[in-house]
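Inspection log for the structure reproduced underneath, given as structure tokens.
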Amino acid sequence: MTDNRFKWLTGCVTVAVVAITGMVIFSPGKPAEKPAKEKSGLGEYVYVDNRKIVHADRKCSRLNYKGVWSERYPVYEFKMDEYGTYCPKCVSDEDYEALQQIVVSKN
């Protein structure tokens, strides 16, 4: 083989090896499963931020945003009539239903 053919052949082989390696490393395979939201249940307190949004989790990123203050209320003393919106990130359907049951049982 001549030098030009050998250089061309090694270049093609190198590109093919790099392409195959990239396909193996970055192959999509099965899509990664999102971790299921753990059912934390409603805790002892609910948190209401300065925009009157009710949060069930103290560690909610929407509650711990800079410049946002919050007040903590015990769940069994919480008056739902004063607040109409719930954080969709930390208040699950089960938490909402539990809050509804507490309000109904207080009346």
Side-chain angles (χ1 to χ4, degrees):
M1 259 199 229
T2 63
D3 281 340
N4 287 338
R5 285 178 145 180
F6 183 73
K7 289 178 184 177
W8 185 81
L9 181 63
T10 56
C12 288
V13 170
T14 303
V15 169
V17 168
V18 169
I20 291 171
T21 305
M23 287 175 18
V24 169
I25 291 174
F26 299 110
S27 67
K30 281 197 309 188
E33 294 180 17
K34 293 183 179 178
K37 182 179 177 185
E38 295 179 12
K39 184 179 175 186
S40 61
L42 197 56
E44 187 177 345
Y45 297 101
V46 292
Y47 305 91
V48 180
D49 65 15
N50 56 355
R51 296 170 293 170
K52 304 295 184 193
I53 298 175
V54 178
H55 299 268
D57 185 10
R58 178 71 185 120
K59 296 179 182 177
C60 179
S61 62
R62 294 182 183 178
L63 182 62
N64 293 322
Y65 192 70
K66 55 186 167 185
V68 176
W69 55 265
S70 64
E71 294 182 31
R72 179 175 76 170
Y73 296 99
V75 170
Y76 294 102
E77 295 176 11
F78 180 67
K79 296 177 183 171
M80 214 158 89
D81 303 337
E82 299 175 15
Y83 312 102
T85 56
Y86 296 89
C87 177
K89 188 169 185 177
C90 65
V91 178
S92 65
D93 292 339
E94 293 84 16
D95 295 339
Y96 179 78
E97 290 173 11
L99 281 171
Q100 293 288 342
Q101 290 297 328
I102 291 169
V103 170
V104 168
S105 67
K106 283 181 12 181
N107 291 337

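Note that the numbering runs from 1 along the sequence shown for the chain.
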task: Apply side chain to side chain contact (heavy atoms under 4.5 Å, CB included) to His55 and Ser70, showing your working.
output: CA-CA 9 Å; His55 299 268; Ser70 64; over 6 Å; no

- request: Please report the shortest heavy-atom distance between Cys90 and Ala56, naming the atom on each side.
  value: SG-N, 3.4 Å

Would you tabulate the side-chain donor-acceptor contacts of residues 12-25 under 3.5 Å, counting partners in other chains and residues two or more places apart, or write 'none'?
residue	atom	partner	partner atom	Å
Thr14	OG1	Thr10	O	2.7
Thr21	OG1	Val17	O	2.7

task: Could I get the full list of side chain to side chain contact (heavy atoms under 4.5 Å, CB included) partners for Tyr96, not counting sequence neighbours?
output: Tyr86, Val91, Gln100

message: Once salt bridge (Lys or Arg N to Asp or Glu O under 4.0 Å) is applied, what residue pairs with a partner in residues 49-58 remain, sequence neighbours excluded?
response: Asp49-Arg51

- prompt: What pairs with Asn50 under side chain to side chain contact (heavy atoms under 4.5 Å, CB included), at least two apart in sequence or on another chain?
  reply: Val68, Trp69

query: Hey, what do you get for CG (Leu63) to NZ (Lys89), rounding to the nearest 0.5 Å?
result: 11.0 Å

- request: Flag the pair Val46 / Leu99 as yes when at least one side-chain heavy-atom distance between them is below 4.5 Å, and no otherwise.
  value: yes

- prompt: Are Arg62 and Pro88 side-chain neighbours, meaning at least one heavy-atom pair lies under 4.5 Å?
  reply: yes

message: Taking ring-ring contact (aromatic ring centres under 6.0 Å, His included) as the definition, give me every residue that meets it alongside Tyr45, ordered by chain and number, with sequence neighbours left out.
response: none

query: By side chain to side chain contact (heavy atoms under 4.5 Å, CB included), which residues pair with Glu44, not counting sequence neighbours?
result: none

